[in-house]
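Ligands are counted one by one from 1 in listed order, and the atoms in each one are counted from 1 as well. Everything quoted here is computed from the prediction, not taken from an experiment.
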Amino acid sequence: MPTYELPDLPYEYGALEPHYSARQVELHHDKHHAAYVKGANDALASFDVFRQQGASDSEQLRGLERALAFNVSGHLLHSLFWPSMRPDGGGEPDGELKAAIVEAFGSVDTLKKQLGLATTTLFGSGWGALVWEPMAGKVMVQQIYDHQANMSPANLPLLVIDGWEHAYYLQYENRKDEWINAFWNIVNWERVAARFDHARSSLSSSLLAMA
Ligand SMILES: [Fe+2]
């Protein structure tokens, strides 16, 4: 049994229409996300071979480390991405999540603007993310390159927007702004709030308190 497995979508392919088309969701999940799962499992298998061969080839080790980080992070971010959306989503967060967003950004609209800008202005491929930063005890926006670069190790992603071309090009072509605007109509704030509650009491916060 492989270590990493592709999670089922939490809805039908067409459930996010018209904001996210059935064919775009199908390709993105069944082909692209699946490829990161396969890549992560392949990297683990290659590490077994590397060790069997004496664990001494530094060039091979560097390549495997890159492949593992890239594919595991890709799998994680996509696994967070699908439940970040839902049919009849959108609206605004409330409760403690909204209070934390207002404290950090001034307003929910400003968060949307900053997170949208972080996603559309990536050089190359990457993600925009709202994260919990446990040292400051605040929510922040991160611009993640590829799947794993420009990301602080302790940060926990609460909401992720896929800015890779494969995420939107079939439906929106080069109109990335339209994809980001559409995302806000299907965002699942309830799931983000649940992650926020979990993040604040997480192991990484506890470990930092003991550092
Ligand atoms: Fe993607």
Original post:
Do Leu6 and Leu68 share a hydrophobic cluster, counting only Ile, Leu, Val, Met, Phe, Trp and Tyr and linking them when any side-chain heavy atoms are less than 4.5 Å apart?
Top reply: yes
**OP:** Please list, chain by chain and in numerical order, all residues satisfying ring-ring contact (aromatic ring centres under 6.0 Å, His included) with Phe196, sequence neighbours excluded.
**Re:** Trp132
Please set out all donor-acceptor pairs under 3.5 angstrom arising from side-chain atoms of residues 8-15, sequence neighbours excluded.
unit_1 : atom_1 : unit_2 : atom_2 : d
Tyr11  : OH     : Trp82  : O      : 2.7
Tyr13  : OH     : Asp30  : OD1    : 3.4
Tyr13  : OH     : Asp30  : OD2    : 2.5

Original post:
What are the protein N/O/S atoms, named by residue and atom, that sit under 2.8 Å from the Fe ion (ligand 1)?
Top reply: His28 NE2, His78 NE2, Asp162 OD2, His166 NE2
**OP:** Could you tell me which residues satisfy side chain to side chain donor-acceptor pair (under 3.5 Å) with Ser84, sequence neighbours excluded, listed by chain and number?
**Re:** Arg195
Original post:
Are the aromatic ring centres of Trp164 and Tyr169 under 6.0 angstrom apart?
Top reply: no
**OP:** State whether a side-chain donor-acceptor pair under 3.5 Å links His78 with His28.
**Re:** yes
